[in-house]
2 protein chains.
Amino acid sequence: MTVTEEPKPRRLTPKGRATRDRIIEAATELIARNGVAGTGIEDVRAAAGVSGSQLYHYFDSKQALIRAVITRQADSVLHPDQPRVTALDSFDALRAWADAAIERQRENGCRGDCTLGSLAGELSVSDEESRTDLATGFLRWKDLILDGLRAMRDRGGLRADADLDELALSLLTALQGGVLLSQTMLHVRPLEAAMNASLAYVHSFATTAGR
Amino acid sequence: MTVTEEPKPRRLTPKGRATRDRIIEAATELIARNGVAGTGIEDVRAAAGVSGSQLYHYFDSKQALIRAVITRQADSVLHPDQPRVTALDSFDALRAWADAAIERQRENGCRGDCTLGSLAGELSVSDEESRTDLATGFLRWKDLILDGLRAMRDRGGLRADADLDELALSLLTALQGGVLLSQTMLHVRPLEAAMNASLAYVHSFATTAGR
DNA sequence: CACTTTCTGGGTTGTTCTGTCCAGAACCGT
DNA sequence: ACGGTTCTGGACAGAACAACCCAGAAAGTG
(Lines give C-alpha, C1' and ligand atoms only; values in the text may rest on other atoms or scores of the structure.)
Protein backbone atom coordinates (compact mmCIF):
# COMPACT_ATOMS: atom_id res chain seq x y z
CA MET A 1 0.00 0.00 0.00
CA THR A 2 2.98 2.28 -0.34
CA VAL A 3 1.94 4.75 -2.95
CA THR A 4 4.23 7.23 -4.59
CA GLU A 5 3.41 10.57 -3.14
CA GLU A 6 2.90 13.22 -5.80
CA PRO A 7 3.33 11.86 -9.27
CA LYS A 8 2.11 14.98 -10.97
CA PRO A 9 4.58 17.73 -11.80
CA ARG A 10 7.94 16.26 -10.97
CA ARG A 11 9.59 19.62 -10.60
CA LEU A 12 7.88 22.85 -9.75
CA THR A 13 9.13 26.28 -10.66
CA PRO A 14 8.54 29.01 -8.08
CA LYS A 15 5.67 30.25 -10.17
CA GLY A 16 4.24 26.79 -10.38
CA ARG A 17 4.42 26.29 -6.66
CA ALA A 18 2.67 29.59 -6.12
CA THR A 19 -0.16 28.60 -8.41
CA ARG A 20 -0.44 25.21 -6.77
CA ASP A 21 -0.67 26.83 -3.36
CA ARG A 22 -3.26 29.27 -4.60
CA ILE A 23 -5.40 26.41 -5.82
CA ILE A 24 -5.17 24.58 -2.51
CA GLU A 25 -5.98 27.73 -0.63
CA ALA A 26 -9.04 28.45 -2.73
CA ALA A 27 -10.17 24.86 -2.40
CA THR A 28 -9.77 25.00 1.37
CA GLU A 29 -11.83 28.14 1.54
CA LEU A 30 -14.63 26.76 -0.59
CA ILE A 31 -14.72 23.41 1.16
CA ALA A 32 -14.97 25.12 4.51
CA ARG A 33 -18.08 26.92 3.34
CA ASN A 34 -19.76 24.41 1.05
CA GLY A 35 -18.32 21.05 1.93
CA VAL A 36 -16.46 18.68 -0.32
CA ALA A 37 -19.46 17.49 -2.28
CA GLY A 38 -20.67 21.05 -2.67
CA THR A 39 -17.42 22.22 -4.18
CA GLY A 40 -16.86 21.57 -7.86
CA ILE A 41 -13.67 21.73 -9.85
CA GLU A 42 -15.14 24.64 -11.73
CA ASP A 43 -15.72 26.55 -8.51
CA VAL A 44 -12.15 26.04 -7.39
CA ARG A 45 -10.91 27.07 -10.81
CA ALA A 46 -12.82 30.34 -10.70
CA ALA A 47 -11.95 31.13 -7.09
CA ALA A 48 -8.26 30.50 -7.62
CA GLY A 49 -8.24 32.61 -10.76
CA VAL A 50 -6.69 29.85 -12.81
CA SER A 51 -8.05 28.41 -15.93
CA GLY A 52 -9.04 25.05 -17.21
CA SER A 53 -6.36 22.50 -17.25
CA GLN A 54 -4.32 24.11 -14.50
CA LEU A 55 -5.97 21.96 -11.90
CA TYR A 56 -5.11 18.78 -13.71
CA HIS A 57 -1.62 20.01 -14.31
CA TYR A 58 -1.00 20.10 -10.59
CA PHE A 59 -3.35 17.42 -9.36
CA ASP A 60 -4.21 14.06 -10.81
CA SER A 61 -7.82 14.25 -9.82
CA LYS A 62 -10.28 15.97 -7.57
CA GLN A 63 -9.49 13.38 -4.95
CA ALA A 64 -5.81 14.28 -5.10
CA LEU A 65 -6.72 17.90 -4.53
CA ILE A 66 -8.86 17.02 -1.54
CA ARG A 67 -6.05 14.98 -0.08
CA ALA A 68 -3.72 17.92 -0.51
CA VAL A 69 -6.19 20.06 1.40
CA ILE A 70 -6.33 17.50 4.18
CA THR A 71 -2.57 17.27 4.41
CA ARG A 72 -2.30 21.03 4.46
CA GLN A 73 -4.80 21.31 7.28
CA ALA A 74 -3.08 18.55 9.20
CA ASP A 75 0.31 20.18 8.84
CA SER A 76 -0.97 23.64 9.66
CA VAL A 77 -1.17 22.62 13.27
CA LEU A 78 2.47 21.75 13.43
CA HIS A 79 5.18 24.09 12.39
CA PRO A 80 3.67 27.28 11.14
CA ASP A 81 2.28 30.43 12.62
CA GLN A 82 0.21 28.73 15.27
CA PRO A 83 2.22 29.44 18.38
CA ARG A 84 -0.51 28.51 20.77
CA VAL A 85 -0.32 24.82 20.08
CA THR A 86 3.39 24.66 20.57
CA ALA A 87 3.14 24.88 24.31
CA LEU A 88 0.20 22.91 25.60
CA ASP A 89 2.14 22.07 28.71
CA SER A 90 0.20 23.65 31.54
CA PHE A 91 -3.37 23.90 32.71
CA ASP A 92 -3.42 27.54 31.77
CA ALA A 93 -2.11 26.80 28.31
CA LEU A 94 -4.77 24.15 27.76
CA ARG A 95 -7.46 26.49 28.96
CA ALA A 96 -6.18 29.23 26.68
CA TRP A 97 -6.10 26.80 23.78
CA ALA A 98 -9.70 25.83 24.42
CA ASP A 99 -10.77 29.44 24.78
CA ALA A 100 -9.07 30.34 21.54
CA ALA A 101 -10.93 27.60 19.73
CA ILE A 102 -14.21 28.72 21.24
CA GLU A 103 -13.52 32.32 20.37
CA ARG A 104 -12.62 31.47 16.80
CA GLN A 105 -15.82 29.52 16.47
CA ARG A 106 -17.81 32.42 17.84
CA GLU A 107 -16.16 34.89 15.52
CA ASN A 108 -17.18 33.28 12.29
CA GLY A 109 -20.66 32.55 13.52
CA CYS A 110 -19.97 28.87 14.04
CA ARG A 111 -19.53 28.42 10.34
CA GLY A 112 -16.84 27.55 7.92
CA ASP A 113 -14.21 26.19 10.20
CA CYS A 114 -12.44 23.73 7.99
CA THR A 115 -11.13 21.48 10.69
CA LEU A 116 -10.30 17.90 9.99
CA GLY A 117 -13.41 16.90 11.89
CA SER A 118 -15.71 18.53 9.41
CA LEU A 119 -13.97 16.72 6.60
CA ALA A 120 -13.99 13.43 8.47
CA GLY A 121 -17.75 13.19 8.53
CA GLU A 122 -17.89 13.59 4.81
CA LEU A 123 -14.88 11.58 3.71
CA SER A 124 -14.03 8.87 6.19
CA VAL A 125 -16.93 6.72 5.08
CA SER A 126 -16.72 7.19 1.35
CA ASP A 127 -13.05 7.48 0.52
CA GLU A 128 -10.60 5.12 2.13
CA GLU A 129 -7.46 7.01 1.17
CA SER A 130 -8.75 10.29 2.51
CA ARG A 131 -9.75 8.49 5.67
CA THR A 132 -6.16 7.36 6.11
CA ASP A 133 -4.91 10.89 5.64
CA LEU A 134 -7.39 12.19 8.16
CA ALA A 135 -6.45 9.50 10.65
CA THR A 136 -2.81 10.43 10.28
CA GLY A 137 -3.66 14.06 10.86
CA PHE A 138 -5.63 13.27 13.99
CA LEU A 139 -2.80 11.12 15.25
CA ARG A 140 -0.26 13.86 14.75
CA TRP A 141 -2.56 16.33 16.47
CA LYS A 142 -3.04 13.98 19.39
CA ASP A 143 0.71 13.46 19.72
CA LEU A 144 1.18 17.18 19.90
CA ILE A 145 -1.21 17.39 22.83
CA LEU A 146 0.41 14.33 24.32
CA ASP A 147 3.80 16.02 24.30
CA GLY A 148 2.40 18.85 26.37
CA LEU A 149 0.79 16.48 28.83
CA ARG A 150 4.03 14.53 29.17
CA ALA A 151 5.86 17.73 29.99
CA MET A 152 3.26 18.46 32.64
CA ARG A 153 3.63 15.03 34.15
CA ASP A 154 7.42 15.16 34.12
CA ARG A 155 7.23 18.50 35.83
CA GLY A 156 5.08 16.96 38.51
CA GLY A 157 1.80 18.62 37.61
CA LEU A 158 0.07 15.44 36.59
CA ARG A 159 -0.03 12.18 38.44
CA ALA A 160 2.34 9.53 37.16
CA ASP A 161 -0.43 6.96 36.76
CA ALA A 162 -2.54 9.15 34.53
CA ASP A 163 -3.32 7.69 31.12
CA LEU A 164 -1.98 10.57 29.11
CA ASP A 165 -2.94 9.01 25.81
CA GLU A 166 -6.54 8.87 26.91
CA LEU A 167 -6.44 12.44 28.14
CA ALA A 168 -5.01 13.67 24.87
CA LEU A 169 -7.63 11.78 22.92
CA SER A 170 -10.42 13.19 25.02
CA LEU A 171 -9.20 16.72 24.41
CA LEU A 172 -8.93 16.13 20.68
CA THR A 173 -12.34 14.50 20.48
CA ALA A 174 -13.90 17.29 22.49
CA LEU A 175 -12.51 19.84 20.10
CA GLN A 176 -13.55 18.06 16.94
CA GLY A 177 -16.93 16.96 18.20
CA GLY A 178 -17.58 20.32 19.74
CA VAL A 179 -16.84 22.15 16.53
CA LEU A 180 -19.05 19.76 14.62
CA LEU A 181 -22.03 20.24 16.90
CA SER A 182 -21.45 23.96 17.13
CA GLN A 183 -21.52 24.23 13.37
CA THR A 184 -24.74 22.29 13.25
CA MET A 185 -26.54 23.99 16.12
CA LEU A 186 -25.08 27.40 15.36
CA HIS A 187 -24.11 27.92 18.94
CA VAL A 188 -20.83 27.67 20.79
CA ARG A 189 -22.23 25.94 23.83
CA PRO A 190 -21.59 22.41 22.64
CA LEU A 191 -17.94 23.25 22.08
CA GLU A 192 -17.71 24.99 25.43
CA ALA A 193 -19.32 22.11 27.25
CA ALA A 194 -17.11 19.53 25.59
CA MET A 195 -13.92 21.45 26.27
CA ASN A 196 -14.92 22.09 29.86
CA ALA A 197 -15.57 18.42 30.37
CA SER A 198 -12.28 17.20 28.98
CA LEU A 199 -10.32 19.95 30.71
CA ALA A 200 -11.95 18.90 33.97
CA TYR A 201 -10.99 15.34 33.17
CA VAL A 202 -7.36 16.33 32.75
CA HIS A 203 -7.61 18.44 35.87
CA SER A 204 -8.83 15.49 37.87
CA PHE A 205 -5.40 13.94 37.40
CA ALA A 206 -3.57 16.94 38.77
CA THR A 207 -1.26 16.44 41.69
CA THR A 208 -2.03 18.42 44.79
CA ALA A 209 1.31 20.13 44.32
CA GLY A 210 0.57 20.83 40.66
CA ARG A 211 -2.23 23.08 41.63
CA MET B 1 -39.93 29.91 7.47
CA THR B 2 -42.86 27.66 8.20
CA VAL B 3 -42.76 25.13 5.45
CA THR B 4 -45.49 22.64 4.76
CA GLU B 5 -44.18 19.34 5.92
CA GLU B 6 -44.67 16.60 3.35
CA PRO B 7 -46.37 17.85 0.24
CA LYS B 8 -45.88 14.66 -1.68
CA PRO B 9 -48.51 11.93 -1.46
CA ARG B 10 -51.30 13.43 0.54
CA ARG B 11 -52.70 10.09 1.52
CA LEU B 12 -50.78 6.87 1.76
CA THR B 13 -52.29 3.45 1.50
CA PRO B 14 -50.80 0.78 3.76
CA LYS B 15 -48.88 -0.54 0.81
CA GLY B 16 -47.62 2.90 -0.03
CA ARG B 17 -46.44 3.49 3.48
CA ALA B 18 -44.61 0.19 3.45
CA THR B 19 -42.81 1.08 0.24
CA ARG B 20 -41.95 4.49 1.57
CA ASP B 21 -40.49 2.98 4.71
CA ARG B 22 -38.55 0.48 2.68
CA ILE B 23 -36.99 3.27 0.66
CA ILE B 24 -36.00 5.19 3.77
CA GLU B 25 -34.55 2.08 5.31
CA ALA B 26 -32.49 1.26 2.25
CA ALA B 27 -31.29 4.83 2.04
CA THR B 28 -30.28 4.83 5.68
CA GLU B 29 -28.31 1.66 5.18
CA LEU B 30 -26.50 2.94 2.11
CA ILE B 31 -25.76 6.33 3.60
CA ALA B 32 -24.28 4.71 6.67
CA ARG B 33 -21.84 2.86 4.49
CA ASN B 34 -21.13 5.27 1.66
CA GLY B 35 -22.12 8.67 2.91
CA VAL B 36 -24.68 11.01 1.44
CA ALA B 37 -22.65 12.09 -1.54
CA GLY B 38 -21.65 8.52 -2.24
CA THR B 39 -25.23 7.35 -2.37
CA GLY B 40 -27.13 7.91 -5.59
CA ILE B 41 -30.82 7.71 -6.23
CA GLU B 42 -30.13 4.76 -8.49
CA ASP B 43 -28.41 2.91 -5.64
CA VAL B 44 -31.32 3.48 -3.30
CA ARG B 45 -33.72 2.40 -5.98
CA ALA B 46 -31.93 -0.90 -6.50
CA ALA B 47 -31.39 -1.58 -2.79
CA ALA B 48 -35.02 -0.93 -1.94
CA GLY B 49 -36.18 -3.11 -4.79
CA VAL B 50 -38.38 -0.43 -6.21
CA SER B 51 -38.24 0.95 -9.65
CA GLY B 52 -37.79 4.25 -11.31
CA SER B 53 -40.27 6.84 -10.42
CA GLN B 54 -41.17 5.33 -7.05
CA LEU B 55 -38.70 7.53 -5.31
CA TYR B 56 -40.12 10.67 -6.77
CA HIS B 57 -43.60 9.48 -6.03
CA TYR B 58 -42.83 9.48 -2.33
CA PHE B 59 -40.19 12.18 -2.12
CA ASP B 60 -39.92 15.48 -3.90
CA SER B 61 -36.19 15.27 -4.29
CA LYS B 62 -33.09 13.58 -3.04
CA GLN B 63 -32.86 16.27 -0.41
CA ALA B 64 -36.34 15.40 0.83
CA LEU B 65 -35.28 11.77 1.12
CA ILE B 66 -32.20 12.72 3.08
CA ARG B 67 -34.28 14.84 5.41
CA ALA B 68 -36.60 11.91 5.96
CA VAL B 69 -33.60 9.79 6.88
CA ILE B 70 -32.43 12.43 9.32
CA THR B 71 -35.84 12.71 10.93
CA ARG B 72 -36.08 8.97 11.21
CA GLN B 73 -32.69 8.76 12.89
CA ALA B 74 -33.59 11.59 15.22
CA ASP B 75 -36.86 9.97 16.20
CA SER B 76 -35.35 6.52 16.59
CA VAL B 77 -33.82 7.66 19.83
CA LEU B 78 -37.14 8.55 21.29
CA HIS B 79 -40.03 6.20 21.35
CA PRO B 80 -39.07 2.96 19.70
CA ASP B 81 -37.20 -0.12 20.68
CA GLN B 82 -34.33 1.66 22.34
CA PRO B 83 -35.05 1.06 26.00
CA ARG B 84 -31.61 2.01 27.20
CA VAL B 85 -32.04 5.69 26.52
CA THR B 86 -35.30 5.95 28.35
CA ALA B 87 -33.70 5.79 31.73
CA LEU B 88 -30.49 7.79 31.78
CA ASP B 89 -31.15 8.75 35.36
CA SER B 90 -28.30 7.24 37.30
CA PHE B 91 -24.55 7.01 37.09
CA ASP B 92 -24.82 3.34 36.32
CA ALA B 93 -27.33 3.97 33.56
CA LEU B 94 -25.07 6.58 31.99
CA ARG B 95 -22.12 4.24 32.18
CA ALA B 96 -24.14 1.45 30.61
CA TRP B 97 -25.30 3.79 27.89
CA ALA B 98 -21.71 4.75 27.10
CA ASP B 99 -20.57 1.14 27.15
CA ALA B 100 -23.36 0.14 24.81
CA ALA B 101 -22.31 2.81 22.35
CA ILE B 102 -18.69 1.71 22.58
CA GLU B 103 -19.64 -1.91 22.14
CA ARG B 104 -21.80 -1.18 19.14
CA GLN B 105 -18.97 0.74 17.58
CA ARG B 106 -16.58 -2.10 18.20
CA GLU B 107 -18.97 -4.66 16.75
CA ASN B 108 -19.24 -3.17 13.32
CA GLY B 109 -15.55 -2.42 13.13
CA CYS B 110 -16.02 1.28 13.75
CA ARG B 111 -17.81 1.61 10.46
CA GLY B 112 -21.22 2.42 9.20
CA ASP B 113 -22.82 3.87 12.24
CA CYS B 114 -25.32 6.26 10.79
CA THR B 115 -25.54 8.63 13.70
CA LEU B 116 -26.59 12.18 13.24
CA GLY B 117 -23.01 13.21 13.82
CA SER B 118 -21.78 11.48 10.71
CA LEU B 119 -24.44 13.22 8.70
CA ALA B 120 -23.73 16.54 10.30
CA GLY B 121 -20.22 16.78 8.95
CA GLU B 122 -21.47 16.26 5.46
CA LEU B 123 -24.68 18.26 5.50
CA SER B 124 -24.57 21.05 8.02
CA VAL B 125 -22.31 23.15 5.86
CA SER B 126 -23.88 22.57 2.49
CA ASP B 127 -27.59 22.29 3.10
CA GLU B 128 -29.27 24.72 5.43
CA GLU B 129 -32.54 22.82 5.77
CA SER B 130 -30.83 19.57 6.61
CA ARG B 131 -28.72 21.47 9.12
CA THR B 132 -31.90 22.64 10.83
CA ASP B 133 -33.24 19.10 10.98
CA LEU B 134 -29.99 17.86 12.43
CA ALA B 135 -29.95 20.63 15.00
CA THR B 136 -33.47 19.73 16.04
CA GLY B 137 -32.43 16.10 16.37
CA PHE B 138 -29.45 16.99 18.52
CA LEU B 139 -31.63 19.18 20.67
CA ARG B 140 -34.15 16.45 21.25
CA TRP B 141 -31.37 14.04 22.07
CA LYS B 142 -29.86 16.47 24.51
CA ASP B 143 -33.21 17.03 26.20
CA LEU B 144 -33.55 13.32 26.68
CA ILE B 145 -30.24 13.20 28.51
CA LEU B 146 -31.22 16.30 30.37
CA ASP B 147 -34.37 14.64 31.68
CA GLY B 148 -32.28 11.88 33.18
CA LEU B 149 -29.89 14.32 34.78
CA ARG B 150 -32.79 16.30 36.25
CA ALA B 151 -34.14 13.15 37.78
CA MET B 152 -30.74 12.48 39.30
CA ARG B 153 -30.58 15.96 40.73
CA ASP B 154 -34.10 15.85 42.11
CA ARG B 155 -33.31 12.58 43.73
CA GLY B 156 -30.30 14.19 45.37
CA GLY B 157 -27.59 12.46 43.37
CA LEU B 158 -26.36 15.60 41.67
CA ARG B 159 -25.59 18.94 43.24
CA ALA B 160 -28.29 21.55 42.85
CA ASP B 161 -25.90 24.09 41.37
CA ALA B 162 -24.74 21.81 38.57
CA ASP B 163 -25.30 23.15 35.07
CA LEU B 164 -27.27 20.21 33.80
CA ASP B 165 -27.59 21.63 30.33
CA GLU B 166 -23.83 21.80 30.01
CA LEU B 167 -23.47 18.28 31.31
CA ALA B 168 -25.99 16.95 28.84
CA LEU B 169 -24.30 18.76 25.99
CA SER B 170 -20.91 17.40 26.96
CA LEU B 171 -22.26 13.86 26.97
CA LEU B 172 -23.88 14.32 23.60
CA THR B 173 -20.82 15.92 22.08
CA ALA B 174 -18.59 13.19 23.46
CA LEU B 175 -20.76 10.56 21.84
CA GLN B 176 -20.98 12.24 18.47
CA GLY B 177 -17.38 13.36 18.33
CA GLY B 178 -16.19 10.04 19.64
CA VAL B 179 -18.05 8.10 16.99
CA LEU B 180 -16.73 10.42 14.33
CA LEU B 181 -13.10 10.01 15.36
CA SER B 182 -13.54 6.30 15.91
CA GLN B 183 -14.87 5.89 12.40
CA THR B 184 -11.94 7.81 11.03
CA MET B 185 -9.18 6.20 13.08
CA LEU B 186 -10.81 2.77 13.02
CA HIS B 187 -10.36 2.39 16.74
CA VAL B 188 -12.73 2.71 19.66
CA ARG B 189 -10.29 4.53 21.91
CA PRO B 190 -11.38 8.03 20.90
CA LEU B 191 -14.95 7.20 21.78
CA GLU B 192 -13.91 5.57 25.03
CA ALA B 193 -11.76 8.51 26.03
CA ALA B 194 -14.45 11.04 25.22
CA MET B 195 -17.16 9.16 27.09
CA ASN B 196 -14.89 8.63 30.08
CA ALA B 197 -14.12 12.33 30.18
CA SER B 198 -17.70 13.53 30.08
CA LEU B 199 -18.86 10.85 32.50
CA ALA B 200 -16.15 11.98 34.88
CA TYR B 201 -17.36 15.52 34.39
CA VAL B 202 -20.88 14.54 35.40
CA HIS B 203 -19.48 12.55 38.26
CA SER B 204 -17.61 15.55 39.58
CA PHE B 205 -20.98 17.10 40.36
CA ALA B 206 -22.16 14.16 42.39
CA THR B 207 -23.22 14.76 45.95
CA THR B 208 -21.34 12.87 48.60
CA ALA B 209 -24.60 11.19 49.47
CA GLY B 210 -25.32 10.38 45.83
CA ARG B 211 -22.41 8.07 45.73
C1' DC C 1 21.02 32.07 -27.63
C1' DA C 2 19.05 27.57 -28.71
C1' DC C 3 16.41 23.94 -26.43
C1' DT C 4 13.78 21.63 -23.10
C1' DT C 5 10.52 21.65 -19.56
C1' DT C 6 6.96 23.75 -17.28
C1' DC C 7 2.99 26.61 -17.29
C1' DT C 8 -1.44 28.49 -19.04
C1' DG C 9 -5.98 28.98 -21.74
C1' DG C 10 -9.99 27.33 -23.37
C1' DG C 11 -12.63 24.23 -25.57
C1' DT C 12 -14.60 19.51 -25.57
C1' DT C 13 -16.01 14.93 -24.35
C1' DG C 14 -18.19 11.49 -22.01
C1' DT C 15 -20.19 10.05 -17.96
C1' DT C 16 -22.96 10.19 -13.99
C1' DC C 17 -27.02 11.50 -11.73
C1' DT C 18 -31.13 13.95 -10.64
C1' DG C 19 -35.56 14.59 -11.96
C1' DT C 20 -39.68 13.96 -15.44
C1' DC C 21 -43.12 11.68 -18.31
C1' DC C 22 -46.42 8.51 -19.65
C1' DA C 23 -49.00 4.46 -19.53
C1' DG C 24 -50.75 0.67 -17.18
C1' DA C 25 -51.77 -2.08 -12.87
C1' DA C 26 -53.47 -2.36 -8.26
C1' DC C 27 -56.22 -0.53 -4.80
C1' DC C 28 -59.94 2.04 -2.30
C1' DG C 29 -64.33 4.00 -1.27
C1' DT C 30 -69.15 4.05 -2.54
C1' DA D 1 -69.06 -3.29 -9.98
C1' DC D 2 -67.47 1.54 -11.03
C1' DG D 3 -64.82 5.91 -10.89
C1' DG D 4 -61.10 7.97 -8.83
C1' DT D 5 -56.87 7.76 -6.49
C1' DT D 6 -52.68 5.68 -5.57
C1' DC D 7 -48.98 2.74 -6.94
C1' DT D 8 -45.54 0.77 -10.18
C1' DG D 9 -42.49 0.23 -14.35
C1' DG D 10 -39.30 1.73 -17.53
C1' DA D 11 -37.65 4.84 -20.61
C1' DC D 12 -35.90 9.54 -21.31
C1' DA D 13 -34.41 14.37 -21.08
C1' DG D 14 -31.37 17.68 -19.26
C1' DA D 15 -27.93 19.42 -16.36
C1' DA D 16 -23.69 19.10 -13.70
C1' DC D 17 -19.37 17.67 -13.48
C1' DA D 18 -14.83 15.39 -13.70
C1' DA D 19 -11.42 14.70 -16.76
C1' DC D 20 -8.78 15.15 -21.36
C1' DC D 21 -6.58 17.33 -25.41
C1' DC D 22 -4.11 20.60 -28.03
C1' DA D 23 -1.67 24.55 -28.92
C1' DG D 24 0.83 28.39 -27.44
C1' DA D 25 3.27 31.34 -23.92
C1' DA D 26 6.67 31.60 -20.39
C1' DA D 27 10.47 30.28 -17.88
C1' DG D 28 14.20 27.72 -16.61
C1' DT D 29 18.81 25.16 -18.40
C1' DG D 30 22.96 24.47 -20.92
Side-chain angles (χ1 to χ4, degrees), chain A residues 5-28 30-31 33-70 122-123 125-127 129-130, chain B residues 5-27 30-31 33-70 122-123 126-127 129-130:
Chain A
E5 273 312 302
E6 303 186 14
K8 227 7 189 343
R10 290 199 297 244
R11 292 187 313 195
L12 285 173
T13 67
K15 192 177 183 181
R17 172 153 291 277
T19 304
R20 200 186 117 100
D21 287 348
R22 192 148 31 95
I23 293 173
I24 296 182
E25 198 158 350
T28 306
L30 285 173
I31 288 173
R33 265 189 299 140
N34 308 327
V36 174
T39 302
I41 291 287
E42 168 64 22
D43 303 325
V44 177
R45 191 201 61 71
V50 301
S51 262
S53 63
Q54 303 286 90
L55 279 155
Y56 289 92
H57 182 73
Y58 294 103
F59 303 95
D60 280 322
S61 61
K62 182 182 178 180
Q63 195 210 20
L65 172 59
I66 304 297
R67 295 186 65 184
V69 170
I70 294 173
E122 195 165 358
L123 294 174
V125 279
S126 56
D127 177 14
E129 299 193 348
S130 295
Chain B
E5 272 312 301
E6 301 186 16
K8 228 13 194 337
R10 289 199 299 243
R11 292 189 312 195
L12 284 173
T13 68
K15 193 177 183 181
R17 171 153 292 276
T19 305
R20 200 187 118 100
D21 286 348
R22 192 149 31 98
I23 294 173
I24 297 182
E25 199 158 349
L30 285 172
I31 288 173
R33 264 188 299 141
N34 307 328
V36 175
T39 302
I41 291 286
E42 167 64 20
D43 304 324
V44 177
R45 191 201 63 71
V50 299
S51 262
S53 63
Q54 303 287 88
L55 279 154
Y56 289 92
H57 181 75
Y58 294 102
F59 304 95
D60 281 321
S61 61
K62 180 181 180 180
Q63 194 211 21
L65 173 59
I66 304 297
R67 295 185 65 185
V69 170
I70 294 173
E122 193 164 0
L123 293 174
S126 55
D127 178 13
E129 299 194 347
S130 295

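Only heavy atoms go into these numbers, but all of them, side chains included; no hydrogens, no water, no symmetry mates. In what follows, every chain begins at residue 1, and chains take the letters A, B, ... in the order their sequences are listed.
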| field | From dT5(D), dG19(C), dG9(C), nucleotide with atom closest to Arg11(B) side chain | value | dT5(D)
| message | Quick check on DNA chain D: between Arg45(B) and Pro14(B), whose nearest nucleotide comes earlier from the 5' end? | response | Pro14(B)
| task | Let me know the distance between CD of Glu42(A) and P of dG11(C), rounded to the nearest Å. | result | 12 Å
| Quick one: do Arg45(A) and Glu42(A) make a salt bridge, cutoff under 4.0 Å? | yes
| query | For the side chain of Ile41(A), counting heavy atoms from C-beta on, which of dT8(C), dA26(C), dA18(D) is nearest? | reply | dA18(D)
| query | Does Thr13(B) make a side-chain N or O approach to OP1 or OP2 of dT5(D) shorter than 4.0 Å? | reply | no
| task | Specify the separation, in whole Å, of atom NE2 of His57(A) and atom P of dA18(D). | result | 20 Å
| query | Between dT20(C) atom C1' and Phe59(B) atom CZ, what is the distance in whole Å? | reply | 18 Å
| 5' priority, DNA chain D, between Gly40(A) and Arg22(B) [closest heavy atom] | Arg22(B)
| request: To the nearest 0.5 Å, tell me how far Ile23(A) CD1 sits from Tyr58(A) OH. | output: 6.5 Å
| said: So Leu123(B) and Ile70(B), do their side chains get closer than 4.5 Å, heavy atoms only? | reply: yes
| field | Options dA19(D), dT20(C), dC7(D), nucleotide nearest the side-chain atoms of Tyr56(A) | value | dA19(D)
| query | Hey, does Ser51(A) reach any base, or is it just sugar-phosphate, or nothing, if we go heavy atoms under 4.0 Å? | reply | base
| What does Ser53(A) touch in the nucleic acid at a heavy-atom separation under 4.0 angstrom: a base, only the sugar-phosphate, or nothing? | base
| Phosphate contact (dT18(C) OP1 or OP2) by Lys62(B) side-chain N/O below 4.0 Å | yes
| Please give, in whole Å, the distance from dG24(D) C1' to Gln54(A) CD? | 13 Å
